[in-house]
Amino acid sequence: MTAFGLLDVNNMFVSCHRVFDPSLAGRPVIVLSSNDGCAVARSDEAKALGIRMADPYFKIAKLCQANRVTVLSSNFGLYCDLSTRTMAVIAEHAPAAEQYSIDECFLDLTGMVEDLAVWCQGLRATVQRWVGLPTTIGTGPTRTLAKLANRLAKKSKRAEGVLDLAGHPEWVETALARTPVLEVWGIGKASAAKLAARDITDALRLRHADDRWLRQQLGISGLRTVQELRGIPCHDLEIIPDQRQSCTVSRSFGQPTGRLEDVRDAVVAFAGKAAAKLRSEKLVAGALTVYAATNRFRSDLPQRTLTACVTLYPAASDTRRIVQTAVAALERAWESGPWAFTKAGLLLADLVAEDAVPRDLFSPPPADPSAGLMQAVDSLNHRFGRGTARFGLASRTASWQARQDRKTPHFTSRWSEIPVATA
DNA sequence: TCTGGGGTCCTAGGACCC
DNA sequence: TCTGGGGTCCTAGGACCC
(Lines give C-alpha, C1' and ligand atoms only; values in the text may rest on other atoms or scores of the structure.)
Protein backbone atom coordinates (compact mmCIF):
# COMPACT_ATOMS: atom_id res chain seq x y z
CA MET A 1 0.00 0.00 0.00
CA THR A 2 1.43 3.34 -1.00
CA ALA A 3 1.33 6.30 1.36
CA PHE A 4 1.83 9.90 0.32
CA GLY A 5 2.02 13.00 2.43
CA LEU A 6 1.43 16.59 1.44
CA LEU A 7 3.05 19.27 3.56
CA ASP A 8 2.34 22.92 2.93
CA VAL A 9 3.08 26.18 4.68
CA ASN A 10 -0.01 27.88 6.08
CA ASN A 11 -0.66 31.21 4.34
CA MET A 12 2.93 31.09 3.12
CA PHE A 13 3.60 34.69 2.15
CA VAL A 14 1.92 36.15 5.22
CA SER A 15 3.73 33.68 7.47
CA CYS A 16 7.09 34.70 5.95
CA HIS A 17 6.46 38.33 6.88
CA ARG A 18 5.46 37.29 10.39
CA VAL A 19 8.81 35.56 10.90
CA PHE A 20 10.50 38.96 10.67
CA ASP A 21 7.73 41.09 12.12
CA PRO A 22 6.12 39.30 15.07
CA SER A 23 3.79 42.24 15.62
CA LEU A 24 1.78 40.89 12.66
CA ALA A 25 0.83 37.74 14.60
CA GLY A 26 -2.86 37.39 15.31
CA ARG A 27 -3.72 40.37 13.10
CA PRO A 28 -5.32 40.56 9.65
CA VAL A 29 -2.59 40.74 6.99
CA ILE A 30 -2.70 40.43 3.20
CA VAL A 31 0.03 40.31 0.57
CA LEU A 32 -0.59 41.81 -2.88
CA SER A 33 0.51 40.46 -6.25
CA SER A 34 2.88 42.27 -8.56
CA ASN A 35 1.77 45.80 -9.42
CA ASP A 36 -0.05 45.75 -6.06
CA GLY A 37 -2.97 44.30 -8.04
CA CYS A 38 -4.68 41.47 -6.15
CA ALA A 39 -4.61 39.82 -2.74
CA VAL A 40 -2.58 36.62 -3.22
CA ALA A 41 -2.11 35.68 0.43
CA ARG A 42 -4.32 36.29 3.44
CA SER A 43 -3.89 35.53 7.11
CA ASP A 44 -6.71 33.60 8.79
CA GLU A 45 -7.93 36.88 10.29
CA ALA A 46 -8.08 38.45 6.82
CA LYS A 47 -9.95 35.43 5.44
CA ALA A 48 -12.44 35.82 8.28
CA LEU A 49 -13.16 39.36 7.06
CA GLY A 50 -14.31 37.88 3.75
CA ILE A 51 -11.24 38.75 1.67
CA ARG A 52 -10.96 36.12 -1.06
CA MET A 53 -8.03 34.83 -3.03
CA ALA A 54 -7.20 37.14 -5.96
CA ASP A 55 -9.60 39.90 -4.92
CA PRO A 56 -8.43 43.07 -6.70
CA TYR A 57 -7.07 45.45 -4.09
CA PHE A 58 -9.04 48.46 -5.28
CA LYS A 59 -12.23 46.55 -4.49
CA ILE A 60 -11.27 45.71 -0.92
CA ALA A 61 -9.25 48.81 0.01
CA LYS A 62 -12.08 50.30 2.09
CA LEU A 63 -12.71 47.04 3.93
CA CYS A 64 -9.00 46.81 4.70
CA GLN A 65 -8.86 50.35 6.04
CA ALA A 66 -11.93 49.91 8.19
CA ASN A 67 -10.51 46.75 9.74
CA ARG A 68 -6.91 47.93 10.04
CA VAL A 69 -5.65 45.18 7.75
CA THR A 70 -1.89 45.29 7.17
CA VAL A 71 -1.36 45.40 3.40
CA LEU A 72 2.06 44.42 1.99
CA SER A 73 3.63 44.24 -1.48
CA SER A 74 5.05 40.83 -2.31
CA ASN A 75 8.68 40.10 -1.50
CA PHE A 76 9.66 37.08 -3.56
CA GLY A 77 13.27 37.13 -2.47
CA LEU A 78 12.11 36.50 1.08
CA TYR A 79 9.62 33.77 0.16
CA CYS A 80 12.08 31.88 -2.03
CA ASP A 81 14.71 31.94 0.65
CA LEU A 82 12.41 30.64 3.39
CA SER A 83 11.05 28.06 0.96
CA THR A 84 14.57 26.76 0.33
CA ARG A 85 15.18 26.48 4.07
CA THR A 86 11.90 24.64 4.61
CA MET A 87 12.64 22.15 1.82
CA ALA A 88 16.11 21.55 3.26
CA VAL A 89 14.63 20.65 6.65
CA ILE A 90 12.18 18.28 5.00
CA ALA A 91 14.90 16.64 2.91
CA GLU A 92 16.81 15.97 6.10
CA HIS A 93 13.88 14.20 7.79
CA ALA A 94 11.66 12.60 5.17
CA PRO A 95 12.58 9.45 3.25
CA ALA A 96 11.76 10.99 -0.15
CA ALA A 97 10.28 14.32 -1.09
CA GLU A 98 9.18 16.21 -4.18
CA GLN A 99 8.88 19.97 -4.02
CA TYR A 100 5.63 20.79 -5.79
CA SER A 101 5.43 24.55 -5.44
CA ILE A 102 7.01 27.35 -3.46
CA ASP A 103 5.11 26.25 -0.35
CA GLU A 104 4.21 22.60 -0.91
CA CYS A 105 6.02 19.32 -0.85
CA PHE A 106 4.86 15.75 -1.49
CA LEU A 107 6.39 13.05 0.73
CA ASP A 108 6.69 9.34 0.06
CA LEU A 109 5.77 7.69 3.34
CA THR A 110 5.31 4.17 1.96
CA GLY A 111 6.58 1.49 4.30
CA MET A 112 7.11 3.79 7.23
CA VAL A 113 6.75 1.83 10.45
CA GLU A 114 6.14 4.69 12.86
CA ASP A 115 2.68 6.06 13.52
CA LEU A 116 2.28 8.50 10.64
CA ALA A 117 0.37 11.12 12.59
CA VAL A 118 3.04 11.20 15.29
CA TRP A 119 5.83 11.41 12.74
CA CYS A 120 4.06 14.25 10.89
CA GLN A 121 3.65 16.20 14.13
CA GLY A 122 7.38 15.84 14.71
CA LEU A 123 8.20 17.21 11.27
CA ARG A 124 5.84 20.16 11.73
CA ALA A 125 7.46 21.00 15.06
CA THR A 126 10.93 20.91 13.51
CA VAL A 127 10.01 23.21 10.63
CA GLN A 128 8.37 25.59 13.09
CA ARG A 129 11.44 25.63 15.32
CA TRP A 130 14.13 25.78 12.66
CA VAL A 131 12.49 28.02 10.05
CA GLY A 132 9.69 29.70 11.96
CA LEU A 133 6.89 28.71 9.59
CA PRO A 134 3.60 26.96 10.51
CA THR A 135 2.67 23.96 8.33
CA THR A 136 -0.07 21.40 7.74
CA ILE A 137 0.31 17.77 6.60
CA GLY A 138 -2.26 15.44 5.08
CA THR A 139 -1.61 11.81 4.13
CA GLY A 140 -3.36 9.32 1.88
CA PRO A 141 -2.84 6.37 -0.45
CA THR A 142 -2.63 8.71 -3.47
CA ARG A 143 -1.41 12.26 -3.99
CA THR A 144 -4.96 13.48 -4.63
CA LEU A 145 -6.15 12.01 -1.32
CA ALA A 146 -3.16 13.46 0.55
CA LYS A 147 -4.11 16.88 -0.84
CA LEU A 148 -7.68 16.38 0.23
CA ALA A 149 -6.57 15.33 3.73
CA ASN A 150 -4.35 18.40 3.98
CA ARG A 151 -7.28 20.67 3.19
CA LEU A 152 -9.47 19.04 5.84
CA ALA A 153 -6.65 19.20 8.41
CA LYS A 154 -6.60 22.98 7.92
CA LYS A 155 -10.31 23.26 8.55
CA SER A 156 -10.36 21.27 11.76
CA LYS A 157 -8.94 22.70 14.97
CA ARG A 158 -8.88 19.28 16.56
CA ALA A 159 -6.58 17.91 13.84
CA GLU A 160 -3.78 20.19 15.05
CA GLY A 161 -2.33 20.40 11.57
CA VAL A 162 -2.29 16.70 10.65
CA LEU A 163 -4.88 14.39 9.08
CA ASP A 164 -3.67 10.85 8.45
CA LEU A 165 -5.94 9.18 5.92
CA ALA A 166 -3.21 6.76 4.86
CA GLY A 167 -3.24 5.18 8.32
CA HIS A 168 -7.05 5.36 8.61
CA PRO A 169 -8.78 4.08 5.46
CA GLU A 170 -12.03 4.00 7.42
CA TRP A 171 -12.05 7.81 7.47
CA VAL A 172 -11.79 8.23 3.71
CA GLU A 173 -15.48 8.07 2.95
CA THR A 174 -16.36 10.81 5.44
CA ALA A 175 -13.49 12.91 4.17
CA LEU A 176 -14.76 12.62 0.59
CA ALA A 177 -18.30 13.47 1.62
CA ARG A 178 -17.04 16.67 3.26
CA THR A 179 -15.16 17.87 0.19
CA PRO A 180 -16.95 19.86 -2.54
CA VAL A 181 -15.84 18.80 -6.04
CA LEU A 182 -14.36 22.23 -6.74
CA GLU A 183 -11.92 21.66 -3.86
CA VAL A 184 -10.60 18.43 -5.36
CA TRP A 185 -7.11 18.78 -6.83
CA GLY A 186 -7.53 18.77 -10.62
CA ILE A 187 -11.18 19.86 -10.73
CA GLY A 188 -11.60 23.48 -11.74
CA LYS A 189 -14.59 25.67 -12.46
CA ALA A 190 -15.35 24.25 -15.90
CA SER A 191 -15.38 20.64 -14.70
CA ALA A 192 -17.28 21.50 -11.51
CA ALA A 193 -20.06 23.06 -13.60
CA LYS A 194 -20.41 19.90 -15.75
CA LEU A 195 -20.50 17.78 -12.61
CA ALA A 196 -23.07 19.99 -10.92
CA ALA A 197 -25.38 19.49 -13.90
CA ARG A 198 -25.35 15.77 -13.02
CA ASP A 199 -25.83 16.52 -9.35
CA ILE A 200 -22.29 15.48 -8.52
CA THR A 201 -21.35 18.04 -5.90
CA ASP A 202 -18.99 16.32 -3.47
CA ALA A 203 -15.97 14.07 -3.83
CA LEU A 204 -17.84 10.99 -2.61
CA ARG A 205 -20.35 11.25 -5.44
CA LEU A 206 -17.52 12.02 -7.84
CA ARG A 207 -15.83 8.80 -6.79
CA HIS A 208 -18.88 6.86 -7.94
CA ALA A 209 -19.33 8.63 -11.27
CA ASP A 210 -19.38 6.63 -14.49
CA ASP A 211 -15.96 6.19 -16.11
CA ARG A 212 -17.11 6.51 -19.72
CA TRP A 213 -18.93 9.73 -19.00
CA LEU A 214 -15.94 11.08 -17.07
CA ARG A 215 -13.53 10.27 -19.89
CA GLN A 216 -15.77 11.93 -22.41
CA GLN A 217 -16.61 15.05 -20.39
CA LEU A 218 -13.51 15.70 -18.28
CA GLY A 219 -10.86 14.08 -20.46
CA ILE A 220 -8.08 11.76 -19.43
CA SER A 221 -6.95 14.08 -16.62
CA GLY A 222 -10.42 14.08 -15.05
CA LEU A 223 -10.56 10.30 -15.15
CA ARG A 224 -7.16 10.06 -13.50
CA THR A 225 -8.27 12.41 -10.73
CA VAL A 226 -11.24 10.17 -9.97
CA GLN A 227 -9.08 7.04 -10.00
CA GLU A 228 -6.90 8.73 -7.41
CA LEU A 229 -9.96 9.44 -5.26
CA ARG A 230 -10.64 5.70 -5.42
CA GLY A 231 -7.19 5.03 -4.01
CA ILE A 232 -5.54 4.00 -7.28
CA PRO A 233 -2.33 6.02 -7.75
CA CYS A 234 -1.95 7.66 -11.16
CA HIS A 235 0.65 10.26 -10.20
CA ASP A 236 4.00 9.07 -8.95
CA LEU A 237 6.43 11.12 -6.97
CA GLU A 238 8.83 12.97 -9.25
CA ILE A 239 11.86 13.33 -7.09
CA ILE A 240 14.10 14.45 -9.90
CA PRO A 241 12.27 17.35 -11.49
CA ASP A 242 11.83 17.22 -15.25
CA GLN A 243 13.73 19.75 -17.24
CA ARG A 244 11.61 22.84 -17.75
CA GLN A 245 10.04 23.30 -21.17
CA SER A 246 9.54 27.03 -21.23
CA CYS A 247 10.41 30.20 -19.40
CA THR A 248 8.18 33.28 -19.32
CA VAL A 249 8.79 36.78 -18.11
CA SER A 250 5.77 39.05 -18.25
CA ARG A 251 4.48 42.06 -16.34
CA SER A 252 1.48 44.28 -16.12
CA PHE A 253 2.46 47.90 -16.63
CA GLY A 254 2.20 50.58 -13.97
CA GLN A 255 0.58 52.78 -16.66
CA PRO A 256 -1.16 51.78 -19.90
CA THR A 257 0.68 52.76 -23.06
CA GLY A 258 0.17 52.78 -26.83
CA ARG A 259 3.77 53.65 -27.66
CA LEU A 260 6.07 51.15 -29.29
CA GLU A 261 9.04 52.62 -27.40
CA ASP A 262 7.50 51.78 -24.03
CA VAL A 263 6.62 48.22 -24.95
CA ARG A 264 10.03 47.73 -26.55
CA ASP A 265 11.69 48.97 -23.40
CA ALA A 266 9.76 46.44 -21.34
CA VAL A 267 10.53 43.60 -23.76
CA VAL A 268 14.24 44.41 -23.60
CA ALA A 269 14.14 44.15 -19.82
CA PHE A 270 12.17 40.88 -19.96
CA ALA A 271 14.63 39.44 -22.46
CA GLY A 272 17.50 40.19 -20.09
CA LYS A 273 15.78 38.43 -17.21
CA ALA A 274 14.65 35.44 -19.21
CA ALA A 275 18.08 34.94 -20.81
CA ALA A 276 19.82 35.14 -17.43
CA LYS A 277 17.41 32.55 -16.05
CA LEU A 278 18.22 30.18 -18.91
CA ARG A 279 21.95 30.62 -18.37
CA SER A 280 21.60 29.94 -14.66
CA GLU A 281 20.05 26.59 -15.56
CA LYS A 282 22.48 25.91 -18.43
CA LEU A 283 19.73 25.88 -21.03
CA VAL A 284 19.29 27.46 -24.44
CA ALA A 285 16.06 28.34 -26.25
CA GLY A 286 15.12 27.34 -29.78
CA ALA A 287 12.04 29.55 -30.06
CA LEU A 288 10.72 32.80 -28.72
CA THR A 289 7.31 34.48 -28.50
CA VAL A 290 6.66 38.13 -27.63
CA TYR A 291 3.27 39.56 -26.92
CA ALA A 292 1.57 42.75 -25.79
CA ALA A 293 -2.02 42.87 -24.59
CA THR A 294 -4.66 45.38 -23.55
CA ASN A 295 -6.54 45.20 -20.24
CA ARG A 296 -8.98 42.31 -20.63
CA PHE A 297 -11.18 43.58 -17.82
CA ARG A 298 -11.96 46.84 -19.60
CA SER A 299 -14.73 45.72 -21.94
CA ASP A 300 -15.38 49.40 -22.68
CA LEU A 301 -11.98 49.73 -24.41
CA PRO A 302 -10.87 48.18 -27.71
CA GLN A 303 -9.11 44.87 -27.10
CA ARG A 304 -6.00 43.68 -28.89
CA THR A 305 -3.25 41.15 -28.34
CA LEU A 306 -0.19 41.32 -30.57
CA THR A 307 1.94 38.18 -30.72
CA ALA A 308 4.95 37.13 -32.72
CA CYS A 309 6.78 33.80 -32.69
CA VAL A 310 10.28 33.32 -34.05
CA THR A 311 12.66 30.38 -34.12
CA LEU A 312 16.15 30.90 -32.75
CA TYR A 313 18.73 29.08 -34.82
CA PRO A 314 21.12 28.19 -33.48
CA ALA A 315 19.46 27.97 -30.07
CA ALA A 316 20.64 30.71 -27.71
CA SER A 317 20.77 32.09 -24.20
CA ASP A 318 22.83 35.15 -25.09
CA THR A 319 21.01 38.28 -23.94
CA ARG A 320 22.04 40.25 -27.00
CA ARG A 321 20.62 37.73 -29.44
CA ILE A 322 17.44 37.29 -27.48
CA VAL A 323 16.97 41.05 -27.18
CA GLN A 324 17.59 41.62 -30.89
CA THR A 325 15.30 38.82 -31.97
CA ALA A 326 12.52 39.81 -29.58
CA VAL A 327 12.66 43.49 -30.52
CA ALA A 328 12.65 42.70 -34.24
CA ALA A 329 9.66 40.40 -33.78
CA LEU A 330 7.79 43.01 -31.76
CA GLU A 331 8.45 45.71 -34.34
CA ARG A 332 7.18 43.46 -37.11
CA ALA A 333 3.99 42.66 -35.20
CA TRP A 334 3.43 46.24 -34.09
CA GLU A 335 0.28 48.02 -35.13
CA SER A 336 -0.42 51.52 -34.13
CA GLY A 337 -4.03 51.95 -33.19
CA PRO A 338 -6.21 53.06 -30.32
CA TRP A 339 -4.75 50.35 -28.12
CA ALA A 340 -3.79 50.93 -24.52
CA PHE A 341 -1.44 48.07 -23.73
CA THR A 342 -1.24 47.14 -20.06
CA LYS A 343 0.82 44.00 -20.21
CA ALA A 344 3.61 42.46 -22.25
CA GLY A 345 5.60 39.28 -22.04
CA LEU A 346 8.32 37.13 -23.50
CA LEU A 347 8.20 33.33 -23.71
CA LEU A 348 11.29 31.25 -24.41
CA ALA A 349 10.49 27.72 -25.58
CA ASP A 350 12.03 24.61 -27.14
CA LEU A 351 14.55 24.61 -24.31
CA VAL A 352 17.54 22.29 -24.58
CA ALA A 353 20.54 21.75 -22.32
CA GLU A 354 23.52 23.84 -23.51
CA ASP A 355 25.63 20.77 -24.15
CA ALA A 356 22.89 18.90 -25.98
CA VAL A 357 22.15 21.46 -28.69
CA PRO A 358 21.46 19.76 -32.00
CA ARG A 359 24.06 20.70 -34.59
CA ASP A 360 24.12 20.17 -38.30
CA LEU A 361 26.29 17.51 -39.72
CA PHE A 362 29.07 19.41 -41.39
CA SER A 363 29.91 22.51 -39.38
CA PRO A 364 32.43 22.41 -36.58
CA PRO A 365 31.06 22.99 -33.06
CA PRO A 366 30.34 26.71 -32.78
CA ALA A 367 32.68 28.65 -30.56
CA ASP A 368 30.54 30.88 -28.37
CA PRO A 369 32.24 34.27 -28.42
CA SER A 370 29.84 35.75 -25.90
CA ALA A 371 30.15 33.16 -23.13
CA GLY A 372 32.73 35.25 -21.30
CA LEU A 373 30.73 38.45 -21.50
CA MET A 374 27.51 36.79 -20.36
CA GLN A 375 29.29 35.15 -17.46
CA ALA A 376 30.69 38.50 -16.41
CA VAL A 377 27.25 40.13 -16.56
CA ASP A 378 25.71 37.32 -14.52
CA SER A 379 28.35 37.39 -11.83
CA LEU A 380 28.16 41.19 -11.50
CA ASN A 381 24.42 40.97 -11.04
CA HIS A 382 24.75 38.14 -8.60
CA ARG A 383 27.33 39.95 -6.51
CA PHE A 384 26.01 43.52 -6.55
CA GLY A 385 22.30 42.99 -7.06
CA ARG A 386 20.03 42.52 -10.03
CA GLY A 387 20.20 45.28 -12.61
CA THR A 388 23.80 46.30 -11.89
CA ALA A 389 24.80 45.33 -15.43
CA ARG A 390 22.12 45.41 -18.09
CA PHE A 391 21.71 45.95 -21.77
CA GLY A 392 20.96 48.96 -23.94
CA LEU A 393 17.62 50.51 -23.41
CA ALA A 394 16.71 48.45 -20.36
CA SER A 395 16.11 51.02 -17.65
CA ARG A 396 14.83 50.81 -14.11
CA THR A 397 12.65 53.84 -14.03
CA ALA A 398 10.49 53.48 -17.12
CA SER A 399 6.78 54.19 -17.01
CA TRP A 400 5.89 50.53 -17.53
CA GLN A 401 7.48 49.52 -14.23
CA ALA A 402 5.05 47.87 -11.84
CA ARG A 403 3.80 49.67 -8.80
CA GLN A 404 5.07 48.40 -5.46
CA ASP A 405 4.07 50.81 -2.75
CA ARG A 406 4.26 48.62 0.33
CA LYS A 407 7.67 47.03 0.07
CA THR A 408 9.35 45.22 2.93
CA PRO A 409 13.12 44.66 3.31
CA HIS A 410 14.96 41.67 1.79
CA PHE A 411 15.59 40.40 5.32
CA THR A 412 17.52 37.32 4.30
CA SER A 413 19.01 38.07 0.89
CA ARG A 414 20.62 41.52 1.02
CA TRP A 415 23.41 42.43 3.38
CA SER A 416 22.17 45.96 3.80
CA GLU A 417 18.68 44.85 4.78
CA ILE A 418 19.37 42.23 7.41
CA PRO A 419 17.35 43.02 10.52
CA VAL A 420 19.21 44.31 13.57
CA ALA A 421 18.45 42.81 16.95
CA THR A 422 19.13 44.85 20.05
CA ALA A 423 19.38 43.24 23.45
C1' DT B 1 -7.58 55.55 -11.35
C1' DC B 2 -6.95 50.64 -9.74
C1' DT B 3 -7.82 43.28 -11.76
C1' DG B 4 -0.53 38.79 -10.89
C1' DG B 5 2.91 35.76 -12.84
C1' DG B 6 4.75 31.36 -14.15
C1' DG B 7 4.03 26.95 -15.26
C1' DT B 8 2.03 21.97 -17.16
C1' DC B 9 -0.78 18.84 -19.80
C1' DC B 10 -4.41 17.68 -23.05
C1' DT B 11 -7.19 18.18 -27.21
C1' DA B 12 -8.90 19.45 -31.66
C1' DG B 13 -7.92 20.74 -36.07
C1' DG B 14 -4.97 21.76 -40.00
C1' DA B 15 -1.00 20.63 -42.95
C1' DC B 16 1.31 17.24 -44.91
C1' DC B 17 2.69 12.62 -46.39
C1' DC B 18 2.14 8.06 -48.64
C1' DT C 1 -21.97 12.33 -60.49
C1' DC C 2 -18.78 13.12 -57.40
C1' DT C 3 -13.01 13.16 -54.50
C1' DG C 4 -9.55 7.10 -49.58
C1' DG C 5 -7.75 6.05 -45.47
C1' DG C 6 -4.43 6.30 -42.22
C1' DG C 7 -0.73 8.26 -40.08
C1' DT C 8 2.42 12.10 -38.00
C1' DC C 9 3.58 16.59 -36.61
C1' DC C 10 2.61 21.16 -35.22
C1' DT C 11 -0.05 24.82 -33.16
C1' DA C 12 -3.48 27.34 -30.66
C1' DG C 13 -6.40 27.34 -27.08
C1' DG C 14 -8.55 25.43 -22.94
C1' DA C 15 -8.25 23.86 -18.28
C1' DC C 16 -5.91 23.56 -14.37
C1' DC C 17 -2.35 24.36 -10.75
C1' DC C 18 0.06 27.45 -7.13
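Since the model is a prediction, treat every value here as computed from it, not as a measurement. Within every chain, numbering begins at 1; the chains are lettered A, B, ... in the order of the sequence lines, protein sequences first and strands thereafter.
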Peer 1: At under 4.0 Å, does any side-chain N or O of A:Ser34 touch on OP1 or OP2 of B:dG5?
Peer 2: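 So the side-chain polar atoms of A:Ser34 do come within 4.0 Å of the phosphate oxygens OP1 or OP2 of B:dG5, strictly under.
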
Peer 1: Within the 3.5 Å criterion, strictly below it, is a donor on A:Asn150 or A:Thr136 matched to an acceptor on the partner's side chain?
Peer 2: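 No, because no side-chain N or O of A:Asn150 sits under 3.5 Å from a partner of the opposite role on A:Thr136.
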
Peer 1: Looking only at side-chain atoms of A:Ser191, point me to the closest of B:dC9, B:dG7, C:dC16.
Peer 2: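 Taking heavy atoms from C-beta onward, the closest nucleotide is C:dC16.
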
Peer 1: With a 4.0 Å cut-off on heavy atoms, is A:Thr342 in touch with a base, just the backbone sugar-phosphate, or nothing at all?
Peer 2: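 Touches nothing.
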
Peer 1: Roughly, in whole Å, what's the span from NZ in A:Lys154 to C1' in C:dC18?
Peer 2: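 So the NZ-C1' distance, A:Lys154 to C:dC18, works out to 12 Å.
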
Peer 1: Given B:dG6, B:dT3, C:dC18, identify the nucleotide with an atom nearest to the side chain of A:Lys59.
Peer 2: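 Selected nucleotide: B:dT3.
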
Peer 1: Provide the Watson-Crick or G-U wobble partner of B:dC17, both distances under 3.5 Å; none if there is no partner.
Peer 2: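 For B:dC17, the partner nucleotide comes out as C:dG6, under the 3.5 Å rule.
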
Peer 1: Are A:Arg320 and A:Asp318 within salt-bridge range, i.e. N to O under 4.0 Å?
Peer 2: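 Salt bridge between A:Arg320 and A:Asp318, a charged N being under 4.0 Å from a carboxylate O: yes.
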
Peer 1: Please determine which of A:Tyr291, A:Phe253, A:Trp334 meets the ring-ring contact (aromatic ring centres under 6.0 Å, His included) test together with A:Phe341.
Peer 2: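 Looking at A:Tyr291, A:Phe253, A:Trp334, the match for A:Phe341 under the ring-ring contact (aromatic ring centres under 6.0 Å, His included) is A:Trp334.
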
Peer 1: Can you tell me if A:Arg251 touches the phosphate of B:dG6, counting only side-chain N or O atoms and a distance under 4.0 Å to OP1 or OP2?
Peer 2: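 So the side-chain polar atoms of A:Arg251 do come within 4.0 Å of the phosphate oxygens OP1 or OP2 of B:dG6, strictly under.
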
Peer 1: Checking A:Arg198 against A:Trp213: charged group under 6.0 Å from the ring centre and within 45 degrees of the axis?
Peer 2: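 Yes.
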
Peer 1: Quickly work out the A:Asn35 CG to B:dT3 C1' distance and round it to whole Å.
Peer 2: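 Value for this atom pair: 10 Å.
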
Peer 1: Measure from the side chain of A:Thr248, starting at C-beta and using heavy atoms only, and say which of C:dC17, B:dT3, B:dG7 lies closest.
Peer 2: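 Shortest atom-to-atom distance from the side chain points to B:dG7.
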
Peer 1: Can you measure A:Ile220 atom CD1 to C:dC16 atom P for me and round it to whole angstrom units?
Peer 2: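 Answer to the nearest Å: 16 Å.
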
Peer 1: Let's see if you get this right: which residues in residues 62-101 of chain A place a heavy atom under 4.0 Å from DNA chain C?
Peer 2: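 Going residue by residue through residues 62-101 of chain A, the ones with a heavy atom under 4.0 Å of DNA chain C turn out to be A:Tyr100, A:Ser101.
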
Peer 1: Return the nearest nucleotide to the side chain of A:Lys277; candidates are C:dC18, B:dG7, B:dG5.
Peer 2: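 Of C:dC18, B:dG7, B:dG5, B:dG7 is nearest to the side chain of A:Lys277.
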
Peer 1: In this structure, which one of A:His235, A:Arg230, A:Glu228, A:Gln227 forms a side chain to side chain donor-acceptor pair (under 3.5 Å) with A:Thr144?
Peer 2: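 For A:Thr144, the side chain to side chain donor-acceptor pair (under 3.5 Å) check succeeds only for A:Glu228.
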
Peer 1: Please state how far atom CZ in A:Arg143 lies from atom C1' in B:dC9, giving the value in whole angstrom units.
Peer 2: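 My rounded result for the distance is 13 Å.
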
Peer 1: Just N and O in the side chain of A:Arg244: are any of them under 4.0 Å from OP1 or OP2 of B:dT8?
Peer 2: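 So the side chain of A:Arg244 is outside the cut-off, no N or O lying under 4.0 Å from OP1 or OP2 of B:dT8.
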
Peer 1: Please determine if a side-chain N or O atom of A:Lys194 lies less than 4.0 Å away from the OP1 or OP2 oxygen of C:dA15.
Peer 2: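 For C:dA15, neither OP1 nor OP2 has a side-chain N or O of A:Lys194 closer than 4.0 Å.
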
Peer 1: Go through A:Glu160 and A:Lys154 one step at a time and tell me if the salt bridge (Lys or Arg N to Asp or Glu O under 4.0 Å) criterion holds.
Peer 2: CA-CA 8 Å; A:Glu160 292 177 337; A:Lys154 282 213 187 64; over 6 Å; no

Peer 1: Need one value for A:Val184: base, sugar-phosphate or nothing, where a base atom within 4.0 Å counts as base even if backbone is also close, heavy atoms only.
Peer 2: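 Touches sugar-phosphate only.
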
Peer 1: With respect to the side chain of A:Arg224, which nucleotide from B:dC10, B:dC2, C:dC18 is positioned closest?
Peer 2: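 Of the candidates, B:dC10 comes closest.
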
Peer 1: C1' atom, B:dC16 versus C:dG4: distance in rounded Å?
Peer 2: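 To the nearest whole Å, 16 Å.
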
Peer 1: Between B:dG4, B:dG7, B:dC2, which nucleotide gets closest to the side-chain atoms of A:Ser252?
Peer 2: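 Of the options given, the side chain of A:Ser252 lies nearest B:dG4.
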
Peer 1: Any salt bridge between A:Glu45 and A:Arg27, counting N to O under 4.0 Å?
Peer 2: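 Salt bridge flag = no for A:Arg27 with A:Glu45.
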
Peer 1: Can you figure out which of B:dG4, B:dC10, C:dC16 approaches the side chain of A:Ala190 most closely?
Peer 2: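 Output: C:dC16.
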
Peer 1: What is the distance, to the nearest angstrom, from the NZ atom on A:Lys343 to the C1' atom on B:dT3?
Peer 2: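 The distance from NZ of A:Lys343 to C1' of B:dT3 comes to 11 Å, rounded to the nearest Å.
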
Peer 1: By nearest atom, which of the nucleotides B:dC2, B:dC10, C:dC18 is closest to the A:Glu104 side chain?
Peer 2: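 Between B:dC2, B:dC10, C:dC18, the one nearest the side chain of A:Glu104 would be C:dC18.
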
Peer 1: Of all the nucleotides listed (B:dG6, B:dG4, B:dG7), which has the minimum atom distance to the side chain of A:Cys247?
Peer 2: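 The nucleotide sitting nearest to the side chain is B:dG7.
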
Peer 1: With a 4.0 Å cut-off on N to O distance, would you call A:Glu354 and A:Arg279 a salt bridge?
Peer 2: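 No, A:Glu354 and A:Arg279 are not salt-bridged.
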
Peer 1: Between A:Asp300 (CG) and B:dT1 (C1'), how many Å, whole number?
Peer 2: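 Result: 13 Å.
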
Peer 1: Under 4.0 Å between any heavy atoms, over every strand shown, what does A:Asn295 touch: base, sugar-phosphate, or nothing? Just pick one.
Peer 2: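 Since only primed, P, OP1 and OP2 atoms lie under 4.0 Å of A:Asn295, the category is sugar-phosphate.
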
Peer 1: Can you tell me how far C1' of B:dC10 sits from CD of A:Gln245, to the nearest Å?
Peer 2: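 My rounded result for the distance is 13 Å.
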
Peer 1: Starting at atom CD1 of A:Ile187, determine the distance to atom P of B:dC9, rounded to an integer number of angstrom.
Peer 2: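 The answer, rounded to whole Å, is 18 Å.
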
